[in-house]
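Quantities reported herein were computed from a predicted structural model and do not represent experimental measurements. What you see below is based on every heavy atom in this structure, not just the backbone, and it leaves out hydrogens, waters and symmetry mates.
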Amino acid sequence: GCQIAVSPDTKHFAVDWLGVEVSRATLGIIGMGSIGYKVAQRARAFSMRILYHNRRRRRKEEEEAVGAHYCERMEELLQQSDFVMLAVNLTPQSRKLIGRKELGLMKPTATLINISRGAVIDQDALVEALQNHTIRAAALDVTDPEPLPRGHPLLRLKNVIITPHTGTATAQAVQAMAAEAVANMLAALRGQPIPSEVLPE
């Protein structure tokens with residue numbers, strides 16, 4: 001829509017150019033950590049049906065608070081979701097988590113959203129899925145590499161939106177992250193428990 005609105009070739013807006021309703025749609029969240037859970041809280045305001053897949057199931061009270069349903073198998077989530085959002089850490093296990101097989105399980109009307117890391121998706125498989133309309137669209141805040149080479153096919157597709165890794169790009173968020181980093185460093189130097197410590201599993 002933005003491209004149409006600003007294009008020098010645009011003479012009029014099509015009356016039948018329609019998007020997809022978010023309200024009451026099914027959102028599948030892969031990675032229900034703190035970020036995935038915050039997404040679920042916001043999605044509930046749109047009366048979305050929320051499915052999630054995670055290494056560990058959340059507590060029943062947490063699921064009920066956002067109306068989320070756990071999918072033990074990621075395939076189940078992919079088959080049912082209108083929007084699939086990736087919010088996982090990049091690990092050897094999650095690298096290319098979404099490839100040709102997974103994209104093929106999604107609805108042809110589905111949109112893939114990646115707010116985690118670019119390497120979580122097999123980008124060649126994604127290009128193919130978007131070109132062949134295996135899925136409807138993709139919205140990517142992350143790519144691999146960043147930025148993509150200027151000739152990359154993802155940059156030429158009309159059914160993909162790419163933003164330059166701006167999920168936390170506000171002055172307030174950057175200040176909060178810096179303050180949290182300082183609090184962690186001071187706690188470590190004082191021999192105190194580290195507030196945001198990440199422990200190996």
Side-chain angles (χ1 to χ4, degrees), residues 1-2 19-91 93-94 97-98 102-103 105-107 109-121 126 135-143 160-184 193-199 201:
C2 177
V20 177
E21 189 69 44
V22 172
S23 296
R24 292 170 297 285
T26 299
L27 170 65
I29 301 172
I30 299 175
M32 187 70 109
S34 58
I35 293 172
Y37 196 77
K38 292 283 187 188
V39 169
Q41 289 174 323
R42 287 155 176 77
R44 184 169 184 152
F46 289 95
S47 303
M48 296 187 88
R49 176 178 175 235
I50 301 166
L51 306 176
Y52 79 97
H53 174 74
N54 205 41
R55 285 175 298 181
R56 287 188 212 85
R57 185 170 183 171
R58 281 196 166 259
R59 295 193 323 267
K60 188 177 179 184
E61 314 84 76
E62 293 173 320
E63 290 179 344
E64 289 174 352
V66 294
H69 304 278
Y70 178 65
C71 295
E72 188 173 343
R73 293 173 53 251
M74 187 172 71
E75 292 78 6
E76 181 187 348
L77 178 149
L78 293 170
Q79 291 168 334
Q80 296 183 54
S81 299
D82 299 303
F83 298 89
V84 174
M85 176 170 283
L86 302 171
V88 297
N89 292 323
L90 180 60
T91 65
Q93 294 74 33
S94 67
L97 179 70
I98 302 297
E102 292 74 23
L103 291 162
L105 291 171
M106 292 172 64
K107 297 178 181 181
T109 54
T111 298
L112 179 65
I113 303 162
N114 190 6
I115 61 168
S116 54
R117 291 291 181 266
V120 168
I121 297 176
L126 178 60
I135 64 171
R136 181 177 186 273
L140 312 172
D141 187 46
V142 288
T143 58
V160 62
I161 294 171
I162 302 173
T163 51
H165 205 147
T166 54
T168 57
T170 67
Q172 295 86 348
V174 171
Q175 288 169 354
M177 288 189 290
E180 186 174 353
V182 169
N184 282 306
I194 299 171
S196 304
E197 185 173 9
V198 177
L199 299 171
E201 293 188 21

Between Leu27 and Phe46, is a side-chain contact (heavy atoms from CB on, under 4.5 Å) present by the stated rule, with each step listed? CA-CA 11 Å; Leu27 170 65; Phe46 289 95; over 6 Å; no
Between the side chain of Arg44 and the main-chain N/O of Ala65, is any donor-acceptor distance below 3.5 Å? yes
Can His53 and Glu76 be said to form a side-chain contact (heavy atoms from CB on, under 4.5 Å), step by step? CA-CA 9 Å; His53 174 74; Glu76 181 187 348; over 6 Å; no
Less than 4.5 Å apart, any side-chain heavy atom of Val20 and any of Thr109? no
Around atom CD of Glu61, are there more than 12 heavy atoms from other residues, nucleotides or ligands closer than 6.0 Å? yes
Got a donor-acceptor contact below 3.5 angstrom from the Tyr70 side chain to the Lys60 backbone? no
Could you give the distance from CD1 (Ile162) to CG (Leu140), rounded to the nearest 0.5 Å? 5.5 Å
Write down the atom of Ser116, the atom of Val88, and the distance for their closest heavy-atom approach. CB-O, 2.9 Å
Residue pair Glu102 / Met106, side-chain heavy-atom distance below 4.5 Å: no
Compute both the distance and the angle, then confirm whether Arg58 meets the cation-pi test with Tyr52: under 6.0 Å from the six-membered ring centre, within 45 degrees of the axis. no
Return the minimal non-hydrogen interatomic distance between Ile115 and Val142, and the atom names on each side. C-CG2, 4.4 Å
Nearest heavy-atom contact between Gly19 and Arg136 is CA-NH2, 4.2 Å
Could you walk me through whether Gln80 and Arg49 pass the side-chain contact (heavy atoms from CB on, under 4.5 Å) test, one step at a time? CA-CA 10 Å; Gln80 296 183 54; Arg49 176 178 175 235; 2.7 Å; yes
Rounded to the nearest 0.5 Å, what separates atom CE in Met48 from atom CD1 in Ile29? 8.5 Å
I need the Ile194 CD1 to Asn184 CG distance, nearest 0.5 Å. 6.5 Å
Euclidean distance, Lys38 NZ relative to Gln41 CD, rounded to 0.5 Å: 5.0 Å
For Leu97, does its backbone N or O pair with a side-chain atom of Ser94 as donor and acceptor, under 3.5 Å? no
Within the structure provided, determine whether Asp141 and Thr166 are in side-chain contact (heavy-atom separation under 4.5 Å). yes
Give a yes or no on this: more than 12 heavy atoms of other residues, nucleotides or ligands lie within 6.0 Å of atom CG of Leu90. yes
Take a 6.0 Å sphere around CG of Asn89 and say whether it holds more than 12 heavy atoms from other residues, nucleotides or ligands. no
Between Ala25 and Glu21, the two heavy atoms sitting closest are CB-O, 3.6 Å
Should Leu78 and Ile30 count as side-chain neighbours, where that means a heavy-atom distance under 4.5 Å? yes
Side chain to side chain, Arg59 and Glu64, heavy atoms closer than 4.5 Å: no
Please report the C-alpha distance between Ile98 and Leu112 in whole Å, then the side-chain angles of each, then the deciding distance to 0.1 Å, and finally whether the side-chain contact (heavy atoms from CB on, under 4.5 Å) criterion is met. CA-CA 10 Å; Ile98 302 297; Leu112 179 65; 4.2 Å; yes
Once you round to the nearest 0.5 Å, how far does CG of Leu51 lie from CD of Gln79? 11.5 Å
Search all heavy atoms of Ser81 against all heavy atoms of Ala110 and return the closest pair with its distance. O-CB, 3.7 Å
Shortest non-hydrogen separation from Thr168 to Val174 and the atoms involved: O-CG2, 4.0 Å
Ile135 versus Leu126: any side-chain heavy-atom pair under 4.5 Å? yes
